[in-house]
Amino acid sequence: MNMSSERTPSGWEDIIAADPAHSSRYVERFRALAAQGTDIVGEARLIDAMLGRGSRVLDAGCGPGRTGGYLHEAGHTVVGVDVDPVLIEAARADHPGPTWLVGDLAELDLPVADFDAIVCAGNVMTFLAPTTRTAVLAGFARHLAPGGRAIIGFGADRGYEFAEFMTDAATAGLTVDLLLSTWDLRPFTDDSDFLVAVFSYAPDADTPRRNSSPC
């Protein structure tokens, strides 16, 4: 993916601009957790349970590939996109098999538009530039296959209120299928401090779809 020179940097990019070693520490943190036997793939297990075998999955804001890597091993075709080249390099090294791409989710424009699931985990939504949030959600909608679902999870008190997020998702054309408070299927309530939202997208019959050729 190419990134335009005039785009708005994400919050994650602001963090690594101030602390260039941040990405490497992030990679090593999850490598250490995996080596210790810590469960770091709860999100991926939920996505896998929602899919038929051999489904197409977009890991949006994939980081070093823990979610997409698991889904690849489970037999799915995975494309991962992240704005941070250090994280993409780690994903390619630790989880060969998926297609890992450096790219801005606000400019998502993949040659494939038929993903059965788009997963956006790890608080990715809260690291976006606020002005790009609706564009990112609209990009997810455009890249879903008919009947596909977008599954997005992030925590409260991170600068993106759940109610605002739900409004942005509706503006992007996404329809709520299910709201959870954890990746292990606990129901969402008004007191929940985490949200996992499952969306579908049903464009009008005359809404143009993108090319569905392979990557």
Side-chain angles (χ1 to χ4, degrees), residues 11-12 26 29-30 33-34 38-53 55-76 78-82 98 105 108 115-128 130 132-203:
W12 182 267
Y26 184 83
R29 174 192 169 203
F30 279 98
L33 290 171
T38 302
D39 181 7
I40 60 172
V41 292
E43 301 100 323
R45 286 198 302 275
L46 172 59
I47 304 306
D48 184 44
M50 297 170 62
L51 294 171
R53 296 305 87 193
S55 293
R56 296 187 59 84
V57 181
L58 172 61
D59 187 357
C62 61
R66 60 187 175 89
T67 298
Y70 179 97
L71 292 169
H72 169 77
E73 291 297 323
H76 303 295
V78 176
V79 177
V81 176
D82 199 285
L105 294 179
L108 195 65
F115 290 100
D116 301 296
I118 297 175
V119 54
C120 186
N123 291 304
V124 167
M125 291 301 301
T126 67
F127 288 111
L128 300 174
T132 68
R133 291 167 176 165
T134 302
V136 169
L137 293 166
F140 293 172
R142 289 195 308 273
H143 285 76
L144 282 174
R149 289 175 288 186
I151 306 93
I152 303 169
F154 64 96
D157 301 322
R158 300 180 67 90
Y160 196 5
E161 296 298 323
F162 293 154
E164 182 182 3
F165 164 71
M166 298 302 294
T167 298
D168 290 344
T171 299
L174 295 169
T175 301
V176 177
D177 289 345
L178 180 66
L179 297 180
L180 302 167
S181 66
T182 65
W183 290 96
D184 61 355
L185 303 178
R186 299 181 189 276
F188 183 81
T189 71
D190 290 341
D191 297 324
S192 296
D193 60 5
F194 198 88
L195 171 65
V196 178
V198 181
F199 297 101
S200 59
Y201 175 60

Any side-chain heavy-atom pair from [X] and [Y] closer than 4.5 angstrom?
X    : Y    : answer
V136 : T134 : no
V81  : L105 : yes
R66  : L33  : no
F188 : F194 : no
H76  : I47  : no
E43  : D48  : no
D59  : F115 : no
R158 : F127 : yes

Below 30° counts as parallel, above 60° as perpendicular, anything between as tilted: where do the rings of F165 and Y160 land? perpendicular

Using modelled atom types only, decide if a donor and an acceptor are shared between the side chain of [X] and the backbone of [Y] within a distance under 3.5 Å.
X    : Y    : value
D193 : A156 : no
R142 : L108 : yes
T38  : I40  : no
R56  : A145 : no
S181 : P187 : yes

Could you grab the distance from atom [atom1] of [X] to atom [atom2] of [Y], nearest 0.5 Å is fine?
X    : Y    : atom1 : atom2 : result
L178 : M50  : CG    : CE    : 8.0 Å
F154 : L128 : CZ    : CG    : 10.0 Å
L58  : L71  : CG    : CG    : 11.0 Å
R149 : I118 : CZ    : CD1   : 12.5 Å
L195 : M125 : CG    : CE    : 10.5 Å
D168 : T132 : CG    : OG1   : 10.0 Å

Can you name the closest pair of heavy atoms from [X] and [Y] and give their distance?
X    : Y    : answer
R53  : A74  : NH1-O, 3.3 Å
R186 : T182 : N-OG1, 3.2 Å
C62  : G80  : SG-C, 3.7 Å
G68  : V78  : O-CG2, 3.6 Å
A117 : I151 : CB-CD1, 4.2 Å
L174 : A141 : CD2-CB, 3.8 Å

Partner residues of E164 under the salt bridge (charged side-chain N to carboxylate O under 4.0 Å, His left out) criterion, sequence neighbours left out: R133

Verify the neighbour count for atom CG of D157: are there more than 12 heavy atoms of other residues, nucleotides or ligands below 6.0 Å? no

Check the pair T175, F199 against side chain to side chain contact (heavy atoms under 4.5 Å, CB included), reporting the backbone distance first and the verdict last. CA-CA 5 Å; T175 301; F199 297 101; 5.9 Å; no

Passes side chain to side chain contact (heavy atoms under 4.5 Å, CB included), I152 versus F140? Steps please. CA-CA 10 Å; I152 303 169; F140 293 172; 4.0 Å; yes

From CA spacing to verdict: side chain to side chain contact (heavy atoms under 4.5 Å, CB included), H143, Y201: CA-CA 10 Å; H143 285 76; Y201 175 60; over 6 Å; no

Please determine, by modelled atom types, if T189 and D191 share a side-chain donor-acceptor pair under 3.5 angstrom. no

